[in-house]
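For reference, the structure discussed in these notes is given below.
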Amino acid sequence: MNDIFADRVMLGSEDRLAEMFGGSLGEDGIKFSAGNPNPDLFPITQMKRAFNQAIDKAGNQIFEYNTVNGFEKLRERLAHRAGQTAGIKADRENILITQGGQQALDLIGKLLLNAGDGVVVEAPTYVGALSAFDQYDPCYYDVALEEDGLNLEQLELVLQTHPNIKLLYTVPDFHNPTGVTLSLSKRQKLVELAEKYDFFILEDTPYRDLRYKGAKLPALKSFDRHGHVIFVSSFSKILMPGLRVGWIVADQATICHLRKLKTSSDLETPSIVLAALNQYLENNNLEQHITGMLATYQSRLDTMLTVLSETMPTDVHYTQPEGGFFIWLTLPEVLDTQKLLSETCIPTDRISFVPGKVFYAHKNKKNGMRLNFSGVTEKQIELGIPKLAKSIQNAITASEVQAFR
């Protein structure tokens with residue numbers, strides 16, 4: 001029967017997302033593999049009230065079909081927030097609400113990519129974006145990450161060599177998986193390159209509000225004068241992932257095309273969720289809620305960085321982010337973190353992380369790993385990271401012994 005399925009099913013047969021995890025940790029296991037916010041920080045009481053008030057206000061109408069664009073008042077709020085927090089000039093016609101950020105990535109891939117079209121991605125990059133783009137069978141071009149984001153000299157060489165590139169995908173703020181942030185000067189230069197070589201930038205930034213140190217940077221979209229940047233964000237990390245509300249900010253022509261694709265995909269947006277979310281934003285100060293989360297996440301980040309500095313072997317390198325959810329570890333090249341995870345960390349240490357291979361478009365590097373600090377407590381960090389460090393040291397020692405045989 002497989003021969004009757006569309007080609008894109010076979011292209012996605014090796015599911016990147018499914019490769020991220022494996023094995024059971026048991027009740028006392030420690031998951032550094034998660035990418036989730038701390039559920040204790042969800043504003044449950046306020047959201048309950050918002051749902052009830054939204055239903056009381058709209059009555060039966062709230063359960064009717066809604067427009068594919070999304071709730072009008074909510075789009076107005078999002079346009080205003082884009083200006084206030086990211087420096088983006090937008091109105092409600094520049095906003096399309098999506099079923100989380102993942103649907104936004106899929107719609108943009110569907111809009112721009114034919115088989116063989118060029119897509120530049122960071123190396124490493126967010127696995128969910130690769131999973132979304134894979135089904136359109138693009139040609140990936142990797143560009144290395146530096147401490148301040150994309151290596152732009154390498155990028156320009158790629159652009160000069162491959163004129164078929166349509167899209168560059170980036171997570172500029174507290175990058176998933178590495179935690180690095182694209183510098184201000186590189187943001188400006190990257191938009192200039194998009195104009196010069198005529199490609200789209202997909203700016204995926206669900207973490208930009210979660211800054212624990214340093215000054216907030218303007219979005220790439222704020223430097224866009226000719227419609228080359230498509231901005232994507234969501235409420236998953238700053239409010240609740242279960243709402244499944246994301247949004248796209250782009251010029252009106254791009255939004256019009258995306259709206260047509262979304263219409264054929266899901267036809268409508270969930271009226272009750274968007275009305276309740278709008279009511280929550282009317283009743284509560286979102287910025288105050290975000291500020292209230294920062295101390296918890298910063299404490300967990302600081303704890304993980306401290307324990308890493310105290311326990312990790314000297315030839316293991318790790319990023320030191322100023323926000324977001326993740327730290328990236330780079331081990332000696334001879335090590336395979338997937339093997340370390342499946343053979344030692346899960347069965348013996350009962351800890352998990354995400355092995356680095358899945359974050360590379362060509363799955364050609366095996367010695368990295370992503371650690372999450374937002375979904376674990378300080379105590380779990382203090383217990384789990386020394387175990388991980390010991391297992392890494394044992395793997396390094398074993399590789400050195402093997403090399404001398």
Side-chain angles (χ1 to χ4, degrees), residues 14-25 29-35 121-127 130-131 140-151 154 158 171 175-180 304-321 326-373 376 381 383-405:
E14 189 176 18
D15 188 348
R16 294 179 186 270
L17 295 173
E19 292 182 61
M20 291 178 66
F21 314 110
S24 174
L25 299 177
I30 301 173
K31 289 187 177 181
F32 297 123
S33 53
V121 293
E122 294 152 332
T125 192
Y126 171 50
V127 64
L130 294 173
S131 182
Y140 290 113
Y141 299 99
D142 294 331
V143 174
L145 280 175
E146 301 175 310
E147 289 185 3
D148 62 345
L150 272 169
N151 182 328
Q154 182 185 349
V158 171
V171 185
H175 181 262
N176 183 359
T178 68
V180 304
M304 184 171 281
L305 288 173
T306 297
V307 181
L308 286 169
S309 71
E310 293 171 347
T311 62
M312 277 294 155
T314 56
D315 43 1
V316 173
H317 304 284
Y318 52 89
T319 57
Q320 301 194 41
F326 307 112
I327 295 173
W328 179 260
L329 270 62
T330 303
L331 281 56
E333 288 191 7
V334 296
L335 297 187
D336 182 340
T337 56
Q338 178 66 64
K339 182 178 179 181
L340 179 68
L341 177 70
S342 60
E343 295 184 0
T344 303
C345 291
I346 288 178
T348 303
D349 300 331
R350 291 196 298 165
I351 59 176
S352 65
F353 55 82
V354 184
K357 183 181 74 169
V358 299
F359 297 106
Y360 290 90
H362 303 288
K363 300 185 179 180
N364 56 340
K365 291 194 176 182
K366 300 179 179 180
N367 62 318
M369 67 172 68
R370 189 190 77 178
L371 300 180
N372 167 264
F373 56 83
V376 287
I381 292 168
L383 289 172
I385 294 300
K387 289 183 180 180
L388 176 62
K390 183 177 179 181
S391 292
I392 290 173
Q393 181 60 70
N394 289 342
I396 292 172
T397 301
S399 70
E400 291 171 346
V401 171
Q402 183 70 27
F404 282 109
R405 288 181 177 175

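Only a predicted model underlies this, so the values are computations on that prediction, with no experimental measurement involved.
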Residue among L371, T344, L308 satisfying side chain to side chain contact (heavy atoms under 4.5 Å, CB included) with L388 |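 Answer after filtering L371, T344, L308: L371.
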
Side chain to side chain contact (heavy atoms under 4.5 Å, CB included) with E122: of T178, L145, V143, only one passes, and it is L145

Does some side-chain heavy atom of F359 sit less than 4.5 Å from a side-chain heavy atom of V354?
-> yes

Looking at side-chain heavy atoms only, is the closest gap between M304 and F32 below 4.5 Å?
->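 Side-chain contact under 4.5 Å: yes.
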
With rounding to the nearest 0.5 angstrom, report the [atom1] to [atom2] distance, [X] to [Y].
{"X": "F373", "Y": "I327", "atom1": "CZ", "atom2": "CD1", "answer": "6.0 Å"}
{"X": "T330", "Y": "M369", "atom1": "OG1", "atom2": "CE", "answer": "9.5 Å"}
{"X": "L341", "Y": "K357", "atom1": "CG", "atom2": "NZ", "answer": "11.5 Å"}
{"X": "D142", "Y": "N151", "atom1": "CG", "atom2": "CG", "answer": "12.5 Å"}
{"X": "T125", "Y": "Y140", "atom1": "OG1", "atom2": "OH", "answer": "9.0 Å"}
{"X": "S33", "Y": "L25", "atom1": "OG", "atom2": "CG", "answer": "7.0 Å"}

All side-chain hydrogen bond (donor to acceptor under 3.5 Å, both in side chains) counterparts of [X], not counting sequence neighbours:
{"X": "T319", "result": "none"}
{"X": "Q393", "result": "T397"}
{"X": "D148", "result": "K186"}
{"X": "T337", "result": "none"}

Between [X] and [Y], which heavy-atom pair has the shortest distance, and what is it?
{"X": "P332", "Y": "N367", "result": "O-CB, 3.5 Å"}
{"X": "S391", "Y": "C345", "result": "CB-SG, 4.4 Å"}
{"X": "K31", "Y": "S352", "result": "CA-OG, 3.4 Å"}

For F326, what residues pass the ring-ring contact (aromatic ring centres under 6.0 Å, His included) criterion, not counting sequence neighbours?
->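 Result, ring-ring contact (aromatic ring centres under 6.0 Å, His included) vs F326: Y207.
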
Only counting residues at least two apart or in another chain, list the ones meeting ring-ring contact (aromatic ring centres under 6.0 Å, His included) with Y318.
->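 Partners of Y318 by the ring-ring contact (aromatic ring centres under 6.0 Å, His included) criterion come out as none, since no residue qualifies.
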
Residues L335, L340; criterion side-chain contact (heavy atoms from CB on, under 4.5 Å); working and verdict = CA-CA 8 Å; L335 297 187; L340 179 68; over 6 Å; no

Tell me every residue that passes side chain to side chain contact (heavy atoms under 4.5 Å, CB included) with [X], counting only those two or more places apart in sequence or in another chain.
{"X": "P386", "value": "V307, T311"}
{"X": "K390", "value": "N394"}
{"X": "D336", "value": "Q338, K339, K366"}

Can a donor-acceptor pair be found, under 3.5 Å and without considering hydrogens, that links the side chain of [X] to the backbone of [Y]?
{"X": "S309", "Y": "T306", "answer": "yes"}
{"X": "R350", "Y": "I30", "answer": "no"}
{"X": "N372", "Y": "G35", "answer": "no"}

